[in-house]
Each structure stands twice: as C-alpha cells, then as structure tokens.
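Here is the structure we will look at.
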Amino acid sequence: VQLQASGGGLVQAGGSLRLSCAASGRTFSLFNMAWFRQAPGKEREFVAAVRQGDTNIYYADSVKGRFTFSRDMAKNTVHLQMDSLKPEDTAVYYCAAKVNRPISSAIGSADTWAYWGQGTLVTVSS
C-alpha cells in the first residue's frame with residue numbers, strides 16, 4: 001500500500017486548506033483511512049478517520065466542526081477539508097491506512113495504522 005499526501009501550505013488564521021491522500025497498491029474500498037498530525041516537539045495525534053463499512057466519521061474534539069473527512073472511491077483518494085484554521089493546527093499532516101477494520105477504541109492510536117504517507121506541512125499564521 002502506497003499513500004501520497006498533498007495539499008499542505010501556508011494559510012492565515014481563519015482560512016482553509018484541503019488535503020488529499022491518494023492510495024494505491026490494494027483494493028481501496030477495503031482500506032480503513034485516517035489523518036494524523038504532528039506539531040514540532042509533540043507526539044503524533046489523531047485528527048479523523050473512517051472505517052470500511054462504517055457510516056460514522058471519527059474526529060478529534062479539537063477539529064470537530066471545522067474539519068471534514070471525505071472519500072472519493074472512484075479516485076482512490078481521501079480528503080481533509082480544513083476550515084476556520086487556527087495557529088494551533090500547524091503541523092505535518094499524515095494520512096494512514098489499515099486493511100483490517102480497527103475497533104473504534106483503537107482508531108485514535110497511531111500504532112493501529114499500518115501504512116503511512118510521507119506527510120504534508122500545514123502552517124497557519126496568526
């Protein structure tokens with residue numbers, strides 16, 4: 001499984017960015033997908049995830065209502081629409097994938113996810 005993240009950049013507080021993650025290597029419809037982020041000097045933290053066959057989309061409380069996770073099955077791509085960005089959203093954003101469906105309680109742990117993209121930097125200026 002290969003993951004390619006893109007869409008990061010520099011934006012002012014209150015602005016928007018849309019991240020994309022293209023997946024290849026196996027049947028995309030079987031993938032469980034997630035976004036994580038890592039700020040300088042901090043641990044990698046969960047942002048959002050979707051499980052195969054699950055209509056729920058899981059969000060971290062810190063991004064709920066501002067970020068939207070979507071999935072384009074035809075293009076084997078997931079997106080993270082980020083609105084109302086704050087300086088504290090500044091981080092390298094990583095997409096992650098897992099073939100076997102994780103239990104909901106494990107979604108927020110980076111150790112749950114087997115495959116990772118290279119990361120894309122998001123910088124939000126105040």
task: Just do the side chain to side chain contact (heavy atoms under 4.5 Å, CB included) check on C95 and W116 with the steps written out, would you?
output: CA-CA 6 Å; C95 59; W116 292 85; over 6 Å; no
field: S16 and D83: side chain donor to acceptor below 3.5 Å
entry: yes
statement: Residue set satisfying side-chain contact (heavy atoms from CB on, under 4.5 Å) with V92, at least two apart, ordered chain then number -> Y94, L121
message: Does any part of the side chain of V47, heavy atoms only, come nearer than 4.5 Å to the side chain of L80, both counted from C-beta?
response: yes
- line: In short, S62 meets R37 closest at the heavy-atom pair OG-NH2, 3.5 Å
query: Is the side chain of T112 donor-acceptor paired with the backbone N or O of A106 at a distance under 3.5 Å, no angle test?
result: yes
query: Y59 and I107: same hydrophobic cluster, using ILVMFWY side-chain contacts below 4.5 Å?
result: no
- request: Scan side-chain atoms only and decide if H79 and S70 contain a donor-acceptor pair under the 3.5 Å cut-off.
  value: no
field: Whether F67 and Y93 hold their rings parallel, tilted or perpendicular, with breakpoints at 30° and 60°
entry: tilted
task: Mark yes or no for whether T77, through its side chain, and K75, through its backbone, hold a donor-acceptor pair below 3.5 Å.
output: yes
message: Do R44 and W113 form a cation-pi contact, if we require the NZ or CZ to be under 6.0 Å from the six-membered ring centre and within 45 degrees of the ring's axis?
response: no
- request: Carefully, step by step, assess M82 and V122 under the rule side chain to side chain contact (heavy atoms under 4.5 Å, CB included).
  value: CA-CA 10 Å; M82 306 186 295; V122 172; 3.8 Å; yes
Heavy-atom check, side chain of Q4 versus side chain of Q118, under 4.5 Å: yes
field: Candidate pair F31 and R51, rule side chain to side chain contact (heavy atoms under 4.5 Å, CB included), full reasoning
entry: CA-CA 8 Å; F31 293 172; R51 299 188 301 170; over 6 Å; no
- prompt: Between D89 and K86, is there a side-chain N and carboxylate O pair less than 4.0 Å apart?
  reply: no
query: Is there a side-chain contact between R71 and N76, using heavy atoms and a 4.5 Å cut-off?
result: no
query: Is there a side-chain contact between P102 and N32 (heavy atoms, below 4.5 Å)?
result: yes
Non-hydrogen atoms of S126 and A13 that approach each other most closely: CA-CB, 4.4 Å
query: Side-chain heavy atoms under 4.5 angstrom apart, residues restricted to Ile, Leu, Val, Met, Phe, Trp, Tyr: same cluster for V50 and Y115?
result: yes
- request: Considering non-hydrogen atoms only, spot the tightest contact between S104 and Y58 and give its length.
  value: CB-OH, 4.1 Å
- request: Carefully, step by step, assess M33 and C21 under the rule side chain to side chain contact (heavy atoms under 4.5 Å, CB included).
  value: CA-CA 10 Å; M33 301 292 297; C21 177; 4.3 Å; yes
message: Centre-to-centre under 6.0 Å for F46 and W35, is that the case here?
response: no
message: Nearest 0.5 Å, please: how far is CD in Q12 from OG in S125?
response: 5.0 Å
message: Please check this pair: side chain of T90 against backbone of T123, looking for a donor-acceptor N/O pair closer than 3.5 Å.
response: no
task: Mind listing the closest non-hydrogen atom pair of T120 and A5 along with its distance?
output: CG2-CB, 4.3 Å
Where G108 and F36 come nearest, the two heavy atoms and their spacing: O-CE2, 3.6 Å
- request: Report the distance from atom NZ of K64 to atom CD1 of I57, rounding to the nearest 0.5 Å.
  value: 12.0 Å
message: Main chain of Q52, side chain of R101: is a donor-acceptor contact present, judged purely on distance under 3.5 Å?
response: yes
